[in-house]
Amino acid sequence: MIKAITGTKDILPSDIPKWRYIENLVRTTFEKFNYSEIRTPIFEETRLFARGIGEETDIVSKEMYTFEDRGGLSITLKPEMTAAVVRALIEHSLQKKSQLNKLFYISPMFRQERPQAGRLRQFHQFGAEAIGSNDPFLDAEMIVIAYSILNQIGLKNLTVTINTLGIPSEREMYKNELRGYLKDHYNRLSNESKRRYGTNILRIFDSKEEQDIEIMKDAPLLIDFLGTQSLEHFDKVKNALAKLGIKYEIEPRLVRGLDYYTHTTFEIASGSVGSQSALCGGGRYNGLVAQLGGDDLPGVGFAAGIERILLACENENILDFPQDKIDVYVALLDKNLNDDSFILTNRLRQKGLKAECDYLSRSLKAQMREANKLNASYVLFFGGEEYKDKKAVLKNMESGVQADISIDDIESIVEKIKRG
RNA sequence: GUGAGCAUAGCUCAGUUGGUUAGAGCACCUGGUUGUGGCCCAGGAGGUCAUGGGUUCGAGUCCCAUUGCUCACCCCA
């Protein structure tokens, strides 16, 4: 049996209502905030991501789906959206048409990691990018939008964490200081932290090892290395969130694994999923547009994982949709009239009804069971004795009441069914 | 990339110290008298017990390998 590629999932008809609900909610919410949808290709030149996300990040160094096309060009399935949106903005000079571009997307993403709960190789994100302004209100707006969507879905158990990374020069200064501090304690660090010392020194703050926690207690803090402007930016974000009634925690360890972040970073996590608890993450990226060859434009954005949101929903028992209904099932009594029944069903469909008929030459009982399974509001019995008088029997499936109705007068059949 | 666990019907799972034709519930199909659903009743179909080897008189059950899935680490949505 040929099966779907590891880490990919079919979204089956029974799953679709949930997906559509979330997609609709995402679209209407973004519209309220005046974001316009953007769609970019599923793949890009590999160097876009290498340059945009950072060669040394985990995503680029070990998780990308990269291959050569027949022309020898290195291509990568998009592992995240920001670099692609920025590329499109630059390529089409969107910043010339409007100083601030507020864009949103819903799209599949690809990362070749080992799958686990809440982690797939093809997964779906919705998210936004606001490019062209350094206003801290936009940082706050990202959190507000994401939180609002999760909130409307009905998720509880959410925590918003924020942090600031300042600007690259401040961060470099700080990392040097931290490196100096940890050098003296290097031998006492756990093996994992020793590794991080070389790769991603800030993540040593994340360690759960007792000796590491002890050491990090007295470590220098990034906040002490931030300039006035960075501090003010962060303050404005915090104040905006407070006034909008969004509770947050400041988490100095929230660094995020993408190189392009500056100033604000944030994450919304759920206690209702497994160990991959981040439903949403984002931050500001003021150097990225220039780095990808565009004007020196500030930007901020976020992405949320739809599968993780659905996982949280499942564990919180929400997003339970009522079964779909059809308006009418045409039950055929006389097999010789199969053609007429099919044509009648299609007339009803043309008049706007959700109508179904039998395609399996099944017994009346079986047809009725089918109508019931389809949650039909009405059944139209076609081809019985009443057919001689050009009539059929229309039955209300809820009340059980049934009456003859003229089959030539489609309008009145439709009328009656629509009225309920 | 590293580690652990699991693999029996479409789904969720039983299957007793290895012992005849491998079971249940749900779902599916057909019926329960002339042309009527849900509930109920009767019956039916559906499994090379993941695959390949091995041990044994005998393997769904024990051993090995392979594949797949799941969860966790790293990291991230």
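In the text below, chain A, chain B and the rest are named by the order of the sequence lines, each starting its count at 1.
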Pair [X], [Y]: side-chain N/O donor-acceptor within cut-off below 3.5 Å:
X: A/Ser148; Y: A/Gln152; value: yes
X: A/Tyr35; Y: A/Glu129; value: no
X: A/Thr345; Y: A/Glu356; value: no
X: A/Asn375; Y: A/Asp324; value: no
X: A/Ser275; Y: A/Gln116; value: yes
X: A/Asp139; Y: A/His233; value: yes

Distance in angstrom units between [X] [atom1] and [N] [atom2], rounded:
X: A/Arg111; N: B/G1; atom1: CZ; atom2: P; value: 18 Å
X: A/Phe266; N: B/A77; atom1: CZ; atom2: C1'; value: 12 Å
X: A/Glu113; N: B/G1; atom1: CD; atom2: C1'; value: 11 Å
X: A/Ile2; N: B/G68; atom1: CD1; atom2: C1'; value: 15 Å
X: A/Met1; N: B/U67; atom1: CE; atom2: C1'; value: 12 Å
X: A/Asp334; N: B/U34; atom1: CG; atom2: C1'; value: 14 Å

Read 5' to 3' with Watson-Crick or G-U pairs under 3.5 Å, [ ] for crossing pairs and | for partners on another strand, RNA chain B gives (((((((..((((.....[...)))).(((((.......))))).....(((((..]....))))))))))))....
Check residues 244-251 of chain A and write down every donor-acceptor pair under 3.5 Å in which the side-chain atom is one partner and the other belongs to a residue at least two apart or another chain.
unit_1: A/Glu251; atom_1: OE1; unit_2: A/Arg253; atom_2: NH2; d: 3.0
unit_1: A/Glu251; atom_1: OE2; unit_2: A/Arg253; atom_2: N; d: 3.1
unit_1: A/Glu251; atom_1: OE2; unit_2: A/Arg253; atom_2: NE; d: 2.8

Mind checking [X] for me? I need base, sugar-phosphate or nothing, with any heavy atom below 4.0 Å counting as a touch.
X: A/Ile309; result: nothing
X: A/Glu307; result: nothing
X: A/Glu80; result: nothing

In terms of heavy-atom contacts, A/Met109 and A/Pro79 come closest through CB-O, 3.9 Å
Which atom names give the shortest non-hydrogen contact between A/Ile153 and A/Cys313, and what distance separates them?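 Nearest heavy atoms, A/Ile153 then A/Cys313: CG2-SG, 3.5 Å.
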Among all residues two or more places apart in sequence or in another chain, which pass the salt bridge (charged side-chain N to carboxylate O under 4.0 Å, His left out) test with [X]?
X: A/Arg308; value: none
X: A/Lys391; value: none
X: A/Arg27; value: A/Glu37
X: A/Arg119; value: A/Glu113

Quiz item: A/Glu63 side-chain donor-acceptor pair to B/C75 base, under 3.5 Å: no
Once side-chain contact (heavy atoms from CB on, under 4.5 Å) is applied, do any residues pair with A/Pro220, and if so which ones, sequence neighbours excluded?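 So A/Pro220 forms a side-chain contact (heavy atoms from CB on, under 4.5 Å) with A/Tyr174, A/Glu177, A/Leu178, A/Tyr181, A/Phe225.
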Is any side-chain N or O of [X] closer than 4.0 Å to OP1 or OP2 of [N]?
X: A/Ser275; N: B/C73; value: yes
X: A/Thr6; N: B/G68; value: no
X: A/Ser363; N: B/U30; value: no
X: A/Gln116; N: B/A72; value: yes
X: A/Lys335; N: B/G35; value: no

Assign each of A/Ala303 and A/Lys9 the nucleotide of RNA chain B bearing its closest heavy atom; nearer the 5' end lies the nucleotide of A/Lys9
(Q) Pick the closest RNA chain B nucleotide for A/Gly274 and for A/Gly7 by heavy atoms, then say which residue is nearer the 5' end. (A)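 That would be A/Gly7.
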For nucleotides 48-52 of chain B, print each protein N/O atom paired with a nucleotide N/O atom at under 3.5 Å, atom names and distance only.
none

Restricting to nitrogen or oxygen on both sides, can you table the protein-nucleotides 36-39 of chain B pairs closer than 3.5 Å?
unit_1: B/U36; atom_1: O2; unit_2: A/Lys395; atom_2: NZ; d: 2.8
unit_1: B/U36; atom_1: N3; unit_2: A/Gln402; atom_2: OE1; d: 3.0
unit_1: B/U36; atom_1: N3; unit_2: A/Gln402; atom_2: NE2; d: 3.3
unit_1: B/U36; atom_1: O4; unit_2: A/Gln402; atom_2: NE2; d: 2.9
unit_1: B/G37; atom_1: O2'; unit_2: A/Asn372; atom_2: ND2; d: 3.3
unit_1: B/G37; atom_1: O6; unit_2: A/Met397; atom_2: O; d: 3.4
unit_1: B/G37; atom_1: N1; unit_2: A/Met397; atom_2: O; d: 2.4
unit_1: B/G37; atom_1: N2; unit_2: A/Asn372; atom_2: OD1; d: 3.2
unit_1: B/G37; atom_1: N2; unit_2: A/Met397; atom_2: O; d: 3.1
unit_1: B/G37; atom_1: N3; unit_2: A/Asn372; atom_2: OD1; d: 3.1
unit_1: B/G38; atom_1: O4'; unit_2: A/Asn372; atom_2: ND2; d: 2.9

Quote, to the nearest angstrom, the [atom1] distance that separates [N] from [M].
N: B/C29; M: B/A45; atom1: P; result: 16 Å
N: B/U17; M: B/C62; atom1: C1'; result: 12 Å
N: B/G44; M: B/U51; atom1: P; result: 27 Å
N: B/C73; M: B/C57; atom1: C1'; result: 48 Å
N: B/G60; M: B/U48; atom1: C1'; result: 12 Å
N: B/A27; M: B/C40; atom1: P; result: 9 Å
N: B/G47; M: B/G58; atom1: P; result: 27 Å
N: B/C49; M: B/U2; atom1: P; result: 32 Å

Across all chains, not counting sequence neighbours, the ring-ring contact (aromatic ring centres under 6.0 Å, His included) partners of A/Phe49 are none
Looking at [Y] and [X], is any side-chain nitrogen of the basic one under 4.0 Å from a carboxylate oxygen of the acidic one?
X: A/Glu44; Y: A/Arg87; result: yes
X: A/Glu370; Y: A/Lys365; result: no
X: A/Glu214; Y: A/Lys217; result: yes

Enumerate all atom pairs, one protein N or O and one N or O from nucleotides 3-5 of chain B, separated by less than 3.5 Å.
unit_1: B/G3; atom_1: O6; unit_2: A/Arg114; atom_2: NH1; d: 3.2

Problem - Over-ring placement of A/Lys194 relative to A/Tyr186, 6.0 Å and 45° cut-offs - result: yes
With the side chain defined as heavy atoms from C-beta on, A/Arg308 is closest, among B/A77, B/C73, B/G68, to B/A77
Against the side chain of A/Ala117, the closest entry in B/C73, B/A72, B/U30 is B/A72
Ordered by number, residues from residues 143-156 of chain A within less than 4.0 Å of RNA chain B (heavy atoms) are none
